Amino acid sequence: EYKYSNKELDTYLNLNFNKDLSEDLNLNILTGFNYNQRNGDALSVVVTDLDLPNFYELSNSASTPSLGQSNYLRRVFGLYGSAELGFMNRYFLTLTARNDNSSTLPIENNSYFYPSASLAAVVIDTNSSFVKLRGGYARIGNDTGLYQVYSTAGQAANAGYFGSIEYPFAGLNSYEVFGRIENQNLKPEITDELEIGFETQFFNNRLGLDVSLYQRDTKDLIVDLAVPRSTGYAQITGNFVDLQNKGIELAFTAKPIQTQDFEWSLTYTFAKNESEVTHVEGEDEFDEEGNKLKKKISIYSAYDVNFYAQEGEPLGVFYGPAPETTNDGKIIADPNTGYYTYDGEEHYLGSSQRDFIMGLQNSFEYKGFKLSANWDWKQGGKMYSYTKRLSYFVGNAQETTYNDRNPFIIPNSVVPVTDDDGNVTGYEENTTYVDYEDVTAFYNASQNQAIQSEHIIDKSFIRLRSAALTYNFPSTFLRSVGLTGMSLSVYGKNLFLWTPSDNTYVDPETTSYGRGIRSEFGEFATNPAQRAYGARLKFSF
């Protein structure tokens, strides 16, 4: 049995002032405050091994019930204001400011102020054409999640490789401090953004273009940093990263055909973002030759694959085991086993950053019928796939059928040539087969560690996001039945998906890691994506 409650109280008080300062000059002012409170409670009790089959009562068991209890409380108080000055209803200056106090931050740093300023000008406004220019600066403040400042404690559990011992156990109870280190120096994230752009419409709104260029600098990005378990803890939440994003976004709209009975409308969108980690907290490190290494911190990891924020790189780069290669890219094989060789060092395996994102929406209307379809194309970027790792392990992956699972030599591979002292003097063609009885182990990362690099896959895809066919009933029929509107639609969602050849495993948009940058790590045995079909009948009175 599980009982829970979640409550939210959201309170606003706004004061507005609007005045025409002159015939062409108008001033609009708003000020107010906002109080938001979220709290919840949960209580659960579980028993197993029912004494009487199919009688589902908590008392129907001799086993000790397992109890769970949790509660939370979060509060944010904000003061805000804005002022808009309009001239001739064509030129607009807008100023805003807000200050928030959040309970999720330390008392000393729980107040953060963020203003903005923007200027827009309508330079062309005729019956057939419209052009608007805009530019602005905005600062955005952000707090953190619940209970990430202080160390917390709760009922203990002794974890094992499979399963755990939970308390109370054998008449004893136990509490423990959980794995987060206290950090009372935590500060809010602050993001400063500059944006310029324009919006146009031509030929009586049959052709339009909206373009934005931006640069976004984030200081004191809040991330979880893993710490050695020898400290008695697992992680600390802190302001460990500074980040810059810059890019372009555009939307193109058009009506190539527009007649009395037929209309074709389309919308094309394009977005490209480039991120760079500009600073990472930590001590400087140097290689054997004295060169300064790029600092990095781990965002997440799984099975020897690490996901880092690294200085000078996009946010979210992969490092992990990979086969050793020669300078010209040939794989160095083990002359004894035919397996990959691995030097024990982390290798760069790619970035999660996409090259671009595009979308295309088409709709065709003929009399009462409308056919619409939405396409998405997301290109580039890498992701981790545990599904692929597991498929290698159990032999379901297509790659494991290479050479019909008979003995094989790794393609494009060489073996080292050594002198009498064991020094590598060169390389020669690899002639060592992976034996029949070792083929299975070759795809097992615990025995061929360098194969972990193949669990990083391209997350590009093209998707038919949705399609729908709608019929709007004619007005003569509607009047006869006393309706103002009626339509019948059939639709489908997530209809088709195309992925690169190295990803025959998962939908790249599925993730097991929630939201935020951690979701860009990839997936861990996630469920398959769903395709949906439906029909809809709408009435308007």
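Nothing fancy with the numbering, it's 1 onward along the sequence. The shown structure was predicted, so the numbers you read here are calculated from the model rather than taken from an experiment. Quick note: numbers below take in every heavy atom, side chains included, and nothing from hydrogens, waters or symmetry partners.
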State plainly whether the residues Arg465 and Glu509 are in salt-bridge range, i.e. N to O under 4.0 Å. yes

Might you confirm whether atom CG of Asp404 has over 12 heavy atoms from other residues, nucleotides or ligands at distances under 6.0 Å? no

Flag if over 12 foreign heavy atoms under 6.0 Å of CD, Gln398: no

Should we count CD of Glu8 as having more than 12 external heavy atoms under 6.0 Å? yes

Tyr366 atom OH, neighbour heavy-atom count above 12 within 6.0 Å: no

Note: Asp125-Lys132 ion pair, threshold 4.0 Å (strictly below): no

May I ask you to decide whether Arg216 forms a salt bridge with Glu195, counting only side-chain N to carboxylate O separations under 4.0 Å? no

Could Lys246 and Asp217 be called an ion pair, given the rule that one side-chain N must be under 4.0 Å from one carboxylate O? no

Check this for me, if you would: do Glu520 and Lys459 make a salt bridge, where the nitrogen-to-carboxylate-oxygen distance has to be below 4.0 angstrom? yes

So, do Thr470 and Phe369 sit near enough that their side-chain heavy atoms are less than 4.5 Å apart? no

Examine distances only and state if a side-chain atom of Thr104 and a backbone atom of Thr144 form a donor-acceptor pair shorter than 3.5 Å. yes

Kindly check if the number of other-residue, nucleotide or ligand heavy atoms within 6.0 Å of CD (Glu1) is above 12? no

Flag if over 12 foreign heavy atoms under 6.0 Å of OH, Tyr491: yes

Could you tell me whether Lys187 and Asp143 have a side-chain N and a carboxylate O separated by less than 4.0 Å? no

With ring-ring contact (aromatic ring centres under 6.0 Å, His included) as the criterion, how do Phe442 and Phe408 come out once you've worked through the C-alpha distance, each side chain's angles and the decisive distance to 0.1 Å? CA-CA 11 Å; Phe442 177 83; Phe408 64 87; 5.4 Å; yes

With a cut-off of 6.0 Å (strictly less than), are more than 12 heavy atoms of other residues, nucleotides or ligands near OH of Tyr72? yes

So does Arg139 pair up with Asp192, basic N to acidic O under 4.0 Å? yes

Intermediate values then yes/no, ring-ring contact (aromatic ring centres under 6.0 Å, His included), Tyr2 and Tyr4: CA-CA 7 Å; Tyr2 180 42; Tyr4 63 92; 5.3 Å; yes

Return the minimal non-hydrogen interatomic distance between Asn448 and Ala441, and the atom names on each side. CB-O, 4.0 Å

Go through the steps for Lys294 and Glu311 under the test salt bridge (charged side-chain N to carboxylate O under 4.0 Å, His left out), then give the verdict. CA-CA 6 Å; Lys294 297 179 179 179; Glu311 283 185 345; over 6 Å; no

Find out whether the Lys NZ or Arg CZ of Arg389 is both under 6.0 angstrom from the six-membered ring centre of Tyr392 and within 45° of the ring's axis. no

Has Phe262 got more than 12 heavy atoms of other residues, nucleotides or ligands less than 6.0 Å from its CZ? yes

For residues Tyr339 and Gln447, is any side-chain donor paired with an opposing acceptor at under 3.5 Å? no

Is it true that the NZ or CZ of Lys296 lies under 6.0 Å from the centre of Tyr308's six-membered ring and within 45 degrees of the ring axis? yes

